[in-house]
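Below, all heavy atoms of this structure are taken into account, side chains as well, without hydrogens, waters or symmetry copies. Just so we're on the same page: letters track the sequence lines, and every chain starts at 1.
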Protein chains: 2
Amino acid sequence: MRPNLHWKPDRASSAGLARQVVEHLKGKIARGEWTAGTKIPPQRALAEALGVNRSTIVAALDELTSLGLLEGNRGGGTRVVNTTWGLLTASAPPKWNEYVASGLYESNLHIVQRINQPPPGLIRLGSGELAPSLLPQEQTRRLFERLAERPVPLGYEEPLGNLHLREKLSEWLRVRGVEASPSSILIVSGAIQALQLISLSLLRKGDAVLTETPSYLNSLQVFQSAGMRLRGLPIVNGGLQAEAVAASQRQLKAALLYTNPTFHNPTGATLDARGREALLRVCERERLPVVEDDVYRELWLDAPPPPPIKSMDRQGTVLYLGSLSKTLSPGLRIGWVVGPEPVVGRLADVKMQTDYGASSLSQWAAAEWIGGGLYDKHVATVRGELRGRREEMLSLLREHLSGLASWTVPEGGFYIWLTLAPDVAVDAGRLFDDALRRGVLLNPGFLYDRGDARSLRLSYAYASTEELDRGVRTLRDLLRGR
Amino acid sequence: MRPNLHWKPDRASSAGLARQVVEHLKGKIARGEWTAGTKIPPQRALAEALGVNRSTIVAALDELTSLGLLEGNRGGGTRVVNTTWGLLTASAPPKWNEYVASGLYESNLHIVQRINQPPPGLIRLGSGELAPSLLPQEQTRRLFERLAERPVPLGYEEPLGNLHLREKLSEWLRVRGVEASPSSILIVSGAIQALQLISLSLLRKGDAVLTETPSYLNSLQVFQSAGMRLRGLPIVNGGLQAEAVAASQRQLKAALLYTNPTFHNPTGATLDARGREALLRVCERERLPVVEDDVYRELWLDAPPPPPIKSMDRQGTVLYLGSLSKTLSPGLRIGWVVGPEPVVGRLADVKMQTDYGASSLSQWAAAEWIGGGLYDKHVATVRGELRGRREEMLSLLREHLSGLASWTVPEGGFYIWLTLAPDVAVDAGRLFDDALRRGVLLNPGFLYDRGDARSLRLSYAYASTEELDRGVRTLRDLLRGR
Ligand SMILES: Cc1ncc(COP(=O)(O)O)c(C=O)c1O
Ligand SMILES: Cc1ncc(COP(=O)(O)O)c(C=O)c1O
């Protein structure tokens, strides 16, 4: 178990630190937050989480052990053996350890959990989000002021999502070449939820899904948990090659193709217009549905990218995904799926079973952003900022990592895909651990391609300029074996 | 397919209505929103959705048929046979019909879909939500004004949810007898999501789940879709009887007990303190985890209900669910789960895979409501309103349905469980259809207990006084066979 403690002992209190820790942990055990049988976090992790010395933890655990509340080899793992109230009920708690290991869904990889919840203070050199300073604090405040003058949507929304938002989105998408009635748009709680809904609603256990290698999909357990087999094809000339898809589809009979053709996560690659058209035609011929994940489209840095594959789709072959997470606010949790009505209706029905729709507040804010043109204005600002950050990052890489690695040069989005030079001795797993010890959080390439131990996903979107500098220097030192 | 059309022809336009409908539907087909093979909605439904006469629809469909875009027996089902662009690509779209019928998750029952998306203008006599007039519009507006002065959380939140909200909830729960550290609380997008997460994260296909009959759980597909077997036990003296649970558990070896012991959905029943204690002790003895769904607790009308089962839990046997949906705003989509840390951590991990956390905006508003005492004040007002509505409803039932039905008298929450008198000829299915035709939407009892064709769930929370009156009179007429 990883500790998830926000409580800290009171240093001003007359009670000693160890005493306070003992009382706190006794409370957790007494309340059943740490049930009998629970393996408690390692001493080092506890010390870190509570902000005390390891010796304080040792003293506290010793006392809890002598009280009969803990037991076990402290090096390997200490377990809760009884509760202060156990004597009253004289029975053991449910076998939670077994429950936690059950369930259709696999756990996220440890490393993904770590990346999802980074301890404060780390330099995040691969995070797929905008830096807090790029999020539109001030405009959002003004938006709220305006919203406060109007009725707030507090009730349940329609299964497809707030109609006003879908109407605004329909107009906004038209400008991007995607013609979609509001009735063919489903609002989701972020694009990731669309992927979950697709896997729970449209696919069968054992179905194959074609995608890029490396792919964002590989860092998710959603498809694997639902029993899908992911089959990756290489990225050539910016994306999936139509002929390669056709060839693989003839053997594989995949149920779906997932692609992220614009400013690809994690490589930054973009498929050109001709490649898009060829890909669509093959998928049409093979009757292979396409999920086009287009969450980075707005973040072009040099020139607008080729129109979405969806813009060429006249048959309803493509399910098109978008989101506000990468451009405006991940916390809003607003994304969308465009597709044939019966498909979108099916996804909406399962969404109702899942969470009864996205937050009405978020939908309302999203409609305000998108409807008024405010969103496009904000994104233009973000593009300017990202442009500067990309240059900064590329010049740092040239300065410090020439000869040690090679990397892609993205035309938009967040990511640079870095591949270690053949003569560099460390692999990405070691690098992750070593960098973490020096305060730098990396996104190793094997999260996106299991077979790749020699790559990293870098991002210029999150860390500050100063952090980028320190981060890249740390990387250099590690690659040089220092 | 049910139509989900918000577009309406322009009556002021010089183009005839049928002409406009033809162009609109041609567009949907051309864009792949209605793919080839799609069965289009029935004429009556189309006419209703588009607000035109059936004859207009007939004319429009005739034209589309003669254009080769539709085909088929109009009585049975008309299908899209080709797309305007089909000739260009000379291939058929993906077999969406088969996809839509796949997926782990079953569709909601048609009747549930209907209830989830009621056409405007119906009297909703069983809806499980507060009337729009009871939602705190004005206070929410003021809240936003205040929020606009402070930094808005726009980034991703922690896996367990916003810490400030969890801290406020921890204090608020303490007053209700539930001691929970912030680290043992997970914020979810409504209590329904907690049920989904539990079924995807902790249970195995084929596991049995014990619950009440009737139960809210039966109206959900979540547990069934994940392969759980629901086993219901009758409600006696306000809830599940400990001995009955013990007896069933010896045979069944269920993995979980789900209970809604306070102002039960759909019967309104409440288990007393002694019954709660007995139930917990049995579950402890059987090591049977309990999910205590307590979303109606605050809505007591006569006296505060007995403390939660969770308040007696010292071992971590109980997962405790709450929500703001029934008291404040269903649209916020904010609920919580309290339980042992490893369990809550596992649910959080799967939540990250599902939607990356609840809306930060909603969490922030929730913290504001709960933290400042504003929420408790609001709920006190709602209680007053509901008290009046309950009296109103009960007096209508006495006046109009005496002899035709019997019903429960709830001490809180929203619901009255009505059972038809033995000599009443119609059953709940017929009643649902007939009432709908007269503009009244009912929640038939078989949604909550498959075997029960003689009951209805009534709610005094949603419809206006005047609607309650008309609704109950309609019911009376139908029960009398008029
Ligand atoms: C390609 C891609 N799709 C989807 C997502 C998820 O976005 P959201 O926050 O909208 O769920 C991400 C985020 O990392 C992404 O990179
Ligand atoms: C007993 C019970 N639990 C949970 C829910 C779902 O509530 P939420 O809106 O928080 O998902 C409902 C709503 O009908 C309910 O009646």
- Item | Per-residue contact mode, B:Pro289 against chain A (heavy atom under 4.5 angstrom) | both
- Message: Quick check for you: to the nearest 0.5 Å, what is the distance between B:Ile185 atom CD1 and B:Ser170 atom OG?
- Response: 5.0 Å
- Portion of B:Thr317 that has a non-hydrogen atom of chain A nearer than 4.5 angstrom: both
- Task: May I ask you to decide if B:Thr35's main-chain N or O and B:Thr38's side chain share a donor-acceptor pair within less than 3.5 Å?
- Result: yes
- Item | Structural part of B:Glu286 lying under 4.5 Å from a heavy atom of chain A | neither
- Query: What do the steps show when you test A:Leu104 against B:Leu104 for side-chain contact (heavy atoms from CB on, under 4.5 Å), and what is the final call?
  - Reply: CA-CA 11 Å; A:Leu104 182 67; B:Leu104 182 67; 3.5 Å; yes
- Task: Begin from the C-alpha positions of B:Gln193 and B:Thr354 and carry the test side-chain contact (heavy atoms from CB on, under 4.5 Å) through to its verdict.
- Result: CA-CA 10 Å; B:Gln193 191 183 45; B:Thr354 298; 4.1 Å; yes
- Task: Calculate, to the nearest 0.5 Å, the distance between atoms OG and CE belonging to B:Ser107 and A:Met352 respectively.
- Result: 13.5 Å
- Item | Full working for side-chain contact (heavy atoms from CB on, under 4.5 Å) between B:Val344 and B:Glu341 | CA-CA 5 Å; B:Val344 156; B:Glu341 282 182 18; 5.8 Å; no
- Task: With a 4.5 angstrom heavy-atom cut-off, could you sort out which part of B:Leu319 is near chain A: side chain, backbone, both or neither?
- Result: side chain
- Measure B:Asp313 against the heavy atoms of chain A and call it side chain, backbone, both or neither at under 4.5 Å. backbone
- Can you find a side-chain donor-acceptor pair between A:Lys28 and B:Ser184 that sits under 3.5 Å? no
- Cut-off 4.5 Å, heavy atoms of chain A, and the answer for B:Glu106 is backbone
- Message: Less than 4.5 Å to any heavy atom of chain A: does that hold for the side chain of B:Ala180, its backbone, both, or neither?
- Response: both
- Message: Do the side chains of B:Glu284 and B:Arg281 get close enough for a salt bridge, i.e. N-O under 4.0 angstrom?
- Response: yes
- Regarding B:Ser201 and B:Lys351, is there a side-chain donor-to-acceptor distance under 3.5 Å anywhere? no
- Compute the centroid of each ring, for B:Trp364 and then for A:Phe144, and state whether the two points are separated by less than 6.0 Å. yes
- Query: In terms of heavy-atom pairs under 4.5 Å with chain B, which of A:Glu129, A:Glu98, A:Gln137, A:Arg142 leads?
  - Reply: A:Gln137
- When heavy-atom pairs shorter than 4.5 Å are enumerated against chain A, which of B:Glu149, B:Glu138, B:Glu167 gives the highest number? B:Glu149
- Message: Please identify, among A:Arg285, A:Lys310, A:Gln221, A:Glu157, the residue contributing the most non-hydrogen atom pairs under 4.5 Å to chain B.
- Response: A:Gln221
- Task: Can you tell which part of A:Leu163 gets under 4.5 Å to a heavy atom of chain B, answering side chain, backbone, both or neither?
- Result: side chain
- Query: What distance do A:Asn116 atom CG and B:Gln353 atom CD have between them, rounded to the nearest 0.5 Å?
  - Reply: 9.0 Å
- Could you tell me which of A:Gly155, A:Ala101, A:Ser189 has the largest number of non-hydrogen atom pairs under 4.5 Å with chain B? A:Gly155
- In this structure, CG of B:Leu109 is separated from CG of B:Leu220 (nearest 0.5 Å) by 10.5 Å
- Item | Proximity breakdown for B:Arg287 and chain A, heavy-atom pairs closer than 4.5 Å | both
- Message: Taking 4.5 Å as the heavy-atom cut-off, does anything in residues 356-363 of chain B contact chain A, and if so which residues?
- Response: B:Tyr356, B:Gly357, B:Ala358, B:Ser359, B:Ser360, B:Leu361, B:Ser362
- Query: Do the side chains of A:Trp7 and B:Ser183 get nearer than 4.5 Å, heavy atoms only?
  - Reply: no
- For B:Gln196, is it the side chain, the backbone, both, or neither that has a heavy atom closer than 4.5 Å to a heavy atom of chain A? side chain
- Message: Can you list everything that forms a ring pair (Phe, Tyr, Trp, His ring centres under 6.0 Å) with B:Tyr462? Sequence neighbours excluded, please.
- Response: none
- Heavy-atom distance under 4.5 Å to chain A: side chain of B:Arg141, backbone, both or neither? both
- Message: Is B:Glu179 close to chain A through its backbone or its side chain, or both, or neither, when contacts mean heavy atoms under 4.5 Å?
- Response: both
- Query: Taking every heavy-atom pair that is under 4.5 Å apart, which of A:Gly227, A:Pro136, A:Ala191 has the most such pairs with chain B?
  - Reply: A:Pro136
- Indicate whether the side chain of B:Arg166 and that of B:Ser181 have a donor and an acceptor atom separated by less than 3.5 Å. no
- Item | Choice from B:Pro153, B:Ser225, B:Ala255, B:Ala348 maximising heavy atom contacts with chain A below 4.5 Å | B:Ala255
